[in-house]
Amino acid sequence: MSDNKDSHPKLHIHTHDPDLKFDPPKRVAEVAHVQTFAQYEKMYEQSVKEPEIFWGEIAEQFFWASQPTGAFVQYNFDVRKGPISIKWMEGAKTNICYNVLDKNIEKGLGDKIAFFWEGNYPGDDKKITYKELFEEVCKFSNVLKQLGVKKGDRVAMYMPMIVELVVAMLACARIGAVHSIVFAGFSAESLRDRILDASCDAIVTADGVWRGPKLLNLKAIVDKALDFCAEKGKPVKSCVVVKHLTADGDATSKEEKGKRPCNSLQITMKDSRDRWWRELMTAASDHCDPEWVDAEDPLFMLYTSGSTGKPKGVLHTVGGYMIYAATTSKYSFDLHADDVYWCTADIGWITGHTYVCYGPLANGVTSVIFEGTPMFPDAGRLWDVVDKYKVTKFYTAPTAIRSLMKFGDNFVTKYDRSSLKVLGTVGEPINPEAWHWYNTVVGNGNCAVVDTFWQTETGGHVITPLPGATKTKAGSATFPFFGIVPAILSEDGVEVKGPGQGYLVFKQAWPGLMRTVYGDHERFETTYFKKFPGYYCTGDGAKRDEEGYLWITGRIDDLVNVSGHLLSTAEVESALIEHDSVAEAASVSHPHSIKGECIYCFVTLNEGEAFTEELSKELKQVVREKIGPFAQPDFIQNAPALPKTRSGKIMRRILRKIAVNDRDVGDTSTLADESVIDTLFSLRCPSA
Ligand code: WT7
């Protein structure tokens with residue numbers, strides 16, 4: 001059970017001088033949109049005091065078919081005053097696809113490269129211009145219409161990192177349909193749950209994908225999910241399949257053959273439901289007028305873990321999301337026309353939605369879409385790609401940085417990285433060691449490192465340095481983005497002014513904030529607005545230091561952040577108890593040197609069952625199959641009983657201590673049976 005020997009509990013504690021400040025590199029500051037901290041402060045002040053003026057001027061740079069019918073912004077954050085509601089530019093009509101494609105082409109960017117696509121295998125690549133992307137999007141818009149997809153309908157996507165995914169997203173946006181992308185690492189059951197929750201009528205997928213050295217048959221997973229849906233009496237009408245791997249595939253031109261092995265992929269097509277992407281596209285017209293939709297019409301939904309276990313469909317709307325994605329991309333990465341920008345995140349997560357697709361396109365830059373993984377074929381791949389495309393702005397996750405650090409500096413330094421100017425990170429707190437390595441080894445001490453804090457719910461960055469203006473500290477996300485008013489609250493809801501620590505909340509609405517949980521507005525209110533009435537509650541803890549810098553300390557609810565992927569402990573537990581041998585299960589977060597956090601489980605077995613290494617392996621497999629491979633627990637321990645209060649509530653606080661072998665478990669007086677603790681310590685996984 002010991003695949004993370006080098007995990008150590010102090011990972012997020014700052015071992016370096018936390019107050020050491022790093023100036024923005026001169027070469028970055030000199031050309032930046034915001035060149036001084038004073039300039040940031042001035043813009044910030046206007047953004048929070050006069051949001052209509054600040055965002056109104058930004059909105060003018062986009063095309064609106066009509067103006068807002070009421071107030072520019074209208075919101076209620078206080079459950080005591082009525083339902084939570086957030087509206088920006090309601091009544092104004094626009095189309096995000098029109099704004100990021102047609103409008104850029106009108107501006108003369110038609111022949112500019114929108115995306116360099118870099119496949120899993122080095123040498124397998126292609127590029128697409130804004131004009132070509134536009135044509136593909138128009139065609140697929142017509143395909144969707146022909147399949148009966150209309151404004152407001154939900155379309156699921158379960159895709160590899162290929163250009164067709166961006167085409168499908170933008171086509172939905174063009175006709176006013178709502179995309180619901182499910183990361184193609186989720187299991188068939190997770191996919192089914194999301195399709196059913198959103199009542200999707202159509203799904204777009206691909207035959208398969210290579211992820212590093214592993215071949216995944218995506219279509220087979222989709223088939224399984226769709227069979228489940230049909231059994232439940234909610235069949236999905238159409239499934240469009242991109243031939244990505246087969247030799248006569250869509251993306252594979254003749255000269256590319258052989259670069260992308262397809263081995264033994266068995267694809268079955270169901271006549272009434274499944275259609276090949278290319279066949280539909282060949283027959284489709286490349287003219288499609290955009291549907292003018294309301295600024296407050298839904299653009300997409302994206303599921304994120306919730307503490308009760310059932311994932312939440314986070315809903316974003318067109319107008320506010322558009323201006324927020326564009327503005328955060330522009331300022332946090334300081335994007336300019338000549339940039340080659342690369343965000344390594346999968347589009348299946350919010351980072352890919354905002355910072356692979358919508359944000360960079362809204363800024364008319366050239367970006368990289370990467371299908372592969374940082375470790376394939378070796379630990380130098382990311383820097384090889386940076387060198388190949390002369391990437392200027394690069395964005396990745398702390399977990400990737402930590403896993404690459406282990407392989408030494410040579411894998412980095414053997415590639416030319418002189419094009420790099422801004423290095424971003426996102427997904428979890430970055431430990432100072434990783435920050436310093438990123439800054440000095442990857443960035444040669446000559447780049448701006450931006451640690452961007454945000455969430456699926458926030459739509460875009462909410463706490464982040466600006467590359468040309470903010471002096472950074474290793475491990476701090478620094479200061480709020482435009483329009484964001486953070487506060488730190490104590491447990492009883494009192495604002496901590498000045499230095500201190502507590503719950504991170506936001507005091508007013510910004511354009512990119514989610515509008516609701518799809519189909520469950522009450523859950524939206526309960527999750528984010530009930531604990532501290534009047535505030536949006538992030539679920540994260542934060543610390544403000546003497547100089548006003550914000551440091552995110554991590555989740556304070558029952559969510560675990562594994563390699564930047566949020567999972568709920570309840571979700572893992574309900575997977576475990578489906579196993580016949582398990583009577584009860586509890587899972588907690590445990591520090592992990594590469595993943596940041598990993599999952600440690602306690603399982604109580606049914607009478608007569610024995611806890612064996614074999615069973616532990618089986619249980620890990622159950623979680624993989626129910627949720628997805630990334631959710632697999634690192635540790636499973638036998639728990640003849642769990643520490644519970646007299647009312648039967650599991651005390652996870654104590655389990656977290658046991659998982660890290662910390663005997664200082666605190667107050668145990670409310671436990672029904674205190675002897676449980678010693679028993680659990682004696683049965684710990686020794687390698688954890
Ligand atoms: C949670 C949101 C939107 C980013 C991708 C993950 C953690 C995110 C940081 C950061 C510290 C961070 C928080 C947050 N997180 N970025 N820079 N520093 N923590 O999106 O799945 O919605 O997860 O990721 O805990 O609440 P997500």
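We count ligands from 1, going down the list as the structure has it; atoms in each ligand are counted the same way.
Among G427, A345, A397, the residue whose heavy atom lies closest to atom 24 (O) of ligand 1 is G427. Closest heavy-atom approach to atom 26 (O) of ligand 1 within the set L550, D540, D557: this belongs to D540.
Not one N or O of T538 is nearer than 3.5 Å to an N or O of ligand 1, by distance alone. Between T425 and ligand 1, no N or O atom pair is found at a separation short of 3.5 Å.
For atom 6 (C) of ligand 1, the closest heavy atom belonging to the protein is G564 O, 4.0 Å. Among all protein heavy atoms, the one lying closest to atom 5 (C) of ligand 1 is T351 OG1, 3.4 Å. The protein non-hydrogen atom at the shortest distance from atom 4 (C) of ligand 1 is V426 CG2, 3.3 Å. Scanning all protein heavy atoms for the shortest distance to atom 2 (C) of ligand 1 gives W454 O, 3.7 Å. Shortest contact from atom 10 (C) of ligand 1 to any protein heavy atom: E428 O, 3.5 Å.
At a heavy-atom distance under 4.0 Å, atoms from both the backbone and the side chain of T456 approach ligand 1. Counting heavy atoms closer than 4.0 Å to ligand 1, residue T452 contributes backbone atoms (N, CA, C, O) but none from C-beta onward.
Using a cutoff of 4.0 Å between basic side-chain nitrogens and carboxylate oxygens, K421 and D334 are not scored as salt-bridged. K21 has a carboxylate O that lies under 4.0 Å from a charged side-chain N of E547, or vice versa, which qualifies the two as a salt bridge.
Close approach to N561 involves these atoms of ligand 1, each under 4.0 Å from a residue heavy atom: 7 (C), 24 (O). Set against the non-hydrogen atoms of D451, the atoms of ligand 1 under 4.0 Å away are 10 (C), 17 (N), 18 (N).
For the pair T569 and V560, the minimum side-chain heavy-atom distance is below 4.5 Å.
Taking the six-membered ring for Trp and the full ring otherwise, F481 and H461 have centroids separated by 6.0 Å or more. The distance between the ring centers of F479 and Y44 does not fall below 6.0 angstrom. Taking the six-membered ring for Trp, Y355 and W454 have ring centres closer than 6.0 Å. In this structure, H353 has its ring center no closer than 6.0 Å to that of H316. Not less than 6.0 angstrom separates the ring centroid of W55 from the ring centroid of F482.
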Intermediate values then yes/no, ring pair (Phe, Tyr, Trp, His ring centres under 6.0 Å), H436 and F22: CA-CA 11 Å; H436 287 299; F22 295 81; 5.8 Å; yes

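Look at P429 and you'll find a heavy atom under 4.0 Å from some atom of ligand 1.
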